[in-house]
J.: 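First the structure, then my questions, so here it is.
Atoms considered below: every heavy atom in the structure, side chains included; atoms not considered: hydrogens, waters and symmetry mates. All chains are named by letter (A, B, ...) in the order of the sequence lines, taking the proteins before the strands, and each is independently numbered beginning at 1.
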There are 2 protein chains.
Amino acid sequence: MLLGALEGGGTKMVCAIGEEDGSIIDRITIPTRSPDETMPHIIDYFKEKMACALGIGFFGPLDLNPSSGTFGHLTATNKQDWQNYDVMGVLKNALNVPCRIDTDVNAAALGEAAYGCMRKLKNGIYITVGTGIGVGVIANGSVVHGMVHPEGGHVIVRRHPDDDFPGDCIFHKDCLEGLAAGPAIAARMHCKGQDLPADSPVWEWVSYYLAQAICDYIYILSPEKIVLGGGVMQQTQLYPMIRKHVLELLNGYVESDQIRDIDHYIVPATLNDNQAVMGCLKLAYDAALLS
Amino acid sequence: MLLGALEGGGTKMVCAIGEEDGSIIDRITIPTRSPDETMPHIIDYFKEKMACALGIGFFGPLDLNPSSGTFGHLTATNKQDWQNYDVMGVLKNALNVPCRIDTDVNAAALGEAAYGCMRKLKNGIYITVGTGIGVGVIANGSVVHGMVHPEGGHVIVRRHPDDDFPGDCIFHKDCLEGLAAGPAIAARMHCKGQDLPADSPVWEWVSYYLAQAICDYIYILSPEKIVLGGGVMQQTQLYPMIRKHVLELLNGYVESDQIRDIDHYIVPATLNDNQAVMGCLKLAYDAALLS
């Protein structure tokens with residue numbers, strides 16, 4: 001059974017073919033332009049490869065309410081061309097195969113839950129720190145959708161006393177995303193994060209903010225594993241800094257074997273940046289099973 | 001089928017008999033003393049009433065890991081007499097009926113989910129604000145247990161600029177519970193919350209802290225309803241204040257029919273303070289069904 005996976009991001013679309021064990025057989029990458037320029041390439045690829053089902057992990061905000069008339073549409077994205085675009089309907093009609101759609105970060109969480117380090121866990125958190133901060137939540141064995149979809153990147157954090165950057169979230173200014181995502185790092189330091197030294201003070205601030213958010217996720221959901229991905233988390237010096245701040249902030253309050261072994265509790269994504277594509281394969285497999 | 005419900009609190013034990021629709025037929029209240037003084041009364045009550053199953057909602061911290069050798073025991077509670085007490089085992093052995101146990105706040109969340117205003121919802125939050133702050137989380141249709149159990153009362157909040165109380169959480173000082181629970185209100189104002197006027201500045205601070213926590217719960221879980229109970233929430237002036245702060249803090253970021261109708265989104269508990277007892281009836285019913 002050849003499964004199709006579409007990881008639809010703001011700058012590129014990854015189309016892949018794989019199998020139900022998460023193995024990827026083939027992939028292409030297409031730059032994200034307007035729907036008219038981009039979608040035909042995607043459709044041609046999956047037709048040619050004869051995918052028998054498609055899993056879609058797409059940038060948002062998406063309407064994921066199954067009872068809504070605009071289920072599977074983009075909603076108020078700041079990408080003008082894509083506003084209200086019917087991602088799911090267009091692909092389903094063109095390919096005529098079972099499809100499932102979720103947000104890109106939920107797809108990544110699902111990938112880690114199905115094939116990666118959250119396998120067999122009922123509760124876990126996947127955090128991507130890149131141009132934005134997204135959080136995929138696994139609770140009671142399934143991805144959480146809820147009222148809209150979780151937006152855990154916007155939690156409220158306390159300011160680090162040495163950090164005077166006002167924050168750049170257009171809704172909240174200095175929420176987690178406004179202080180710790182890639183653009184906030186770049187705006188603060190006047191250069192990209194990847195060009196900063198590992199001992200730049202910004203990593204202390206970023207790790208402090210991420211640690212606060214992780215403590216809140218621990219208090220609220222008691223996840224069995226916390227997995228981090230995205231461009232900013234390629235700064236590997238962040239992991240020990242985040243773990244240290246988390247332990248200091250919890251201050252002994254939450255006791256468990258997992259917290260005592262924190263190096264294996266707060267971890268980098270394990271699927272070589274394929275977590276979202278592999279989550280899409282899982283979505284495709286579920287779509288095929290239920291069709 | 002007569003079901004038994006035990007709501008075990010730090011100051012009193014409520015024992016009740018009821019039915020699977022949540023109706024309560026009889027109840028008694030026993031002051032919480034040492035296990036040796038308290039448990040025989042509880043056991044006598046349920047024996048005499050011939051409960052065919054028992055649901056237990058107990059103060060914590062409890063070991064709720066089903067694969068643990070001390071499942072259903074209290075762990076490191078600050079009530080010396082009760083430390084490591086085998087609540088579940090003692091009751092199960094004495095009564096010889098199917099039993100289920102959860103935390104008191106999870107039982108209250110379950111009560112609202114089974115019989116109250118969270119009926120038919122897949123995702124919801126129950127917050128009790130009293131001598132502590134407890135949070136029961138319903139996600140994907142079930143109560144979340146997770147690694148240990150959620151402790152959403154300890155989330156990190158920003159200080160209100162006019163509030164100089166240092167906070168009294170013994171682990172975190174000025175986390176939500178350390179700033180907004182009953183003892184923090186009393187310590188700050190040198191009198192009990194119930195004796196303060198409705199326009200005391202403390203309600204502005206408490207509502208600001210609770211609103212921040214609620215925003216974090218919304219960001220992380222996207223619940224379809226947020227229900228508040230406990231002694232502090234009998235100050236009904238808090239509800240409009242909390243809703244106003246939540247809308248200001250979200251600042252238009254999360255849009256949904258529920259948020260637009262916030263008076264029916266952030267609400268008082270609907271079961272006349274019987275939510276935990278009724279949740280215990282649901283636990284008893286589930287225990288009977290699975291036995």
Side-chain angles (χ1 to χ4, degrees), chain A residues 61 64-65 75-76 121-125 135 137-159 169-177 211-213 215-226 249-259 265, chain B residues 61 64-65 75-76 121-125 135 137-159 169-177 211-213 215-226 249-259 265:
Chain A
L64 294 176
N65 177 356
T75 60
L121 302 186
K122 288 184 70 180
N123 303 281
I125 294 274
V135 179
V137 176
I138 310 282
N140 287 319
S142 308
V143 172
V144 172
H145 290 104
M147 175 177 68
V148 281
H149 41 70
E151 287 288 355
H154 291 261
V155 292
I156 297 164
V157 292
R158 288 192 185 163
R159 302 301 307 261
C169 171
I170 58 168
F171 289 94
H172 311 120
K173 260 199 147 42
D174 57 356
C175 65
L176 174 67
E177 180 171 294
Q212 289 184 60
C215 286
D216 284 347
Y217 307 150
I218 293 171
Y219 292 136
I220 296 171
L221 278 166
S222 204
E224 296 153 77
K225 185 83 84 174
I226 291 166
L249 289 162
L250 292 178
N251 196 25
Y253 182 63
V254 179
E255 290 199 350
S256 73
D257 291 342
Q258 292 93 330
I259 298 280
Y265 181 59
Chain B
L64 295 176
N65 177 358
T75 60
L121 303 185
K122 288 183 71 179
N123 303 280
I125 295 273
V135 179
V137 176
I138 310 281
N140 287 319
S142 308
V143 172
V144 172
H145 291 103
M147 175 177 68
V148 282
H149 40 72
E151 287 288 355
H154 290 262
V155 291
I156 297 164
V157 291
R158 287 191 186 166
R159 301 302 305 263
C169 171
I170 57 168
F171 289 94
H172 310 121
K173 261 199 148 44
D174 57 358
C175 65
L176 175 68
E177 180 171 293
Q212 289 184 58
C215 286
D216 284 347
Y217 307 151
I218 293 172
Y219 291 137
I220 296 170
L221 278 166
S222 206
E224 296 152 77
K225 186 84 86 176
I226 291 166
L249 289 162
L250 292 179
N251 197 25
Y253 183 63
V254 179
E255 291 199 352
S256 73
D257 292 341
Q258 292 93 332
I259 298 280
Y265 181 60

J.: For B:Asn123, is it the side chain, the backbone, both, or neither that has a heavy atom closer than 4.5 Å to a heavy atom of chain A?
T.: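 For B:Asn123, side-chain heavy atoms alone lie under 4.5 Å from chain A.
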
J.: Under the 3.5 angstrom rule, does the side chain of B:Asn140 hit a backbone N or O of A:Asn140 as a donor-acceptor pair?
T.: no

J.: Please flag which part of B:Leu121 lies under 4.5 Å from any non-hydrogen atom of chain A: side chain, backbone, both or neither.
T.: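 Answer is neither: B:Leu121 stays 4.5 Å or more from chain A.
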
J.: Under a 4.5 Å heavy-atom cutoff, which of A:Ile170, A:Val144, A:Ile156, A:Ile259 has the most pairs with chain B?
T.: A:Ile156

J.: When only pairs under 4.5 Å are counted, which of B:Gly152, B:Gly146, B:Pro223, B:Ser222 shares the most heavy-atom pairs with chain A?
T.: B:Ser222

J.: For chain A, which candidate among B:Asp257, B:Ile220, B:Thr75 shows the most heavy-atom pairs at distances under 4.5 Å?
T.: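 If we count pairs closer than 4.5 Å to chain A, B:Ile220 comes out on top.
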
J.: Residues two or more places apart in sequence or in another chain: which of them pass salt bridge (charged side-chain N to carboxylate O under 4.0 Å, His left out) with B:Arg159?
T.: B:Asp163, B:Asp174

J.: Quick check on the interface: out of A:Asn65, A:Leu221, A:Val137, A:Ile125, who has the most heavy-atom pairs with chain B under 4.5 Å?
T.: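 Counting heavy-atom pairs under 4.5 Å, the top option is A:Leu221.
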
J.: When heavy-atom pairs shorter than 4.5 Å are enumerated against chain B, which of A:Val254, A:Val157, A:Leu249 gives the highest number?
T.: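 Most pairs with chain B among the choices: A:Val157.
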
J.: Which one wins on heavy-atom pair count under 4.5 Å against chain B: A:Lys225, A:Glu224, A:Gln258, A:Arg158?
T.: A:Arg158

J.: Would you please name every residue forming a ring-ring contact (aromatic ring centres under 6.0 Å, His included) with B:Tyr219, sequence neighbours left out?
T.: A:His172

J.: Determine the option with the most heavy-atom pairs under 4.5 angstrom with chain A, choosing from B:Val135, B:Val143, B:Ile218.
T.: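 Of the options given, most contacts go to B:Val143.
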
J.: Under the 3.5 angstrom rule, does the side chain of B:Asn251 hit a backbone N or O of A:Phe171 as a donor-acceptor pair?
T.: yes

J.: Does any heavy atom of chain B fall under 4.5 Å from the side chain of A:Leu250, the backbone, both, or neither of them?
T.: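 Just the backbone, heavy atoms under 4.5 Å.
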
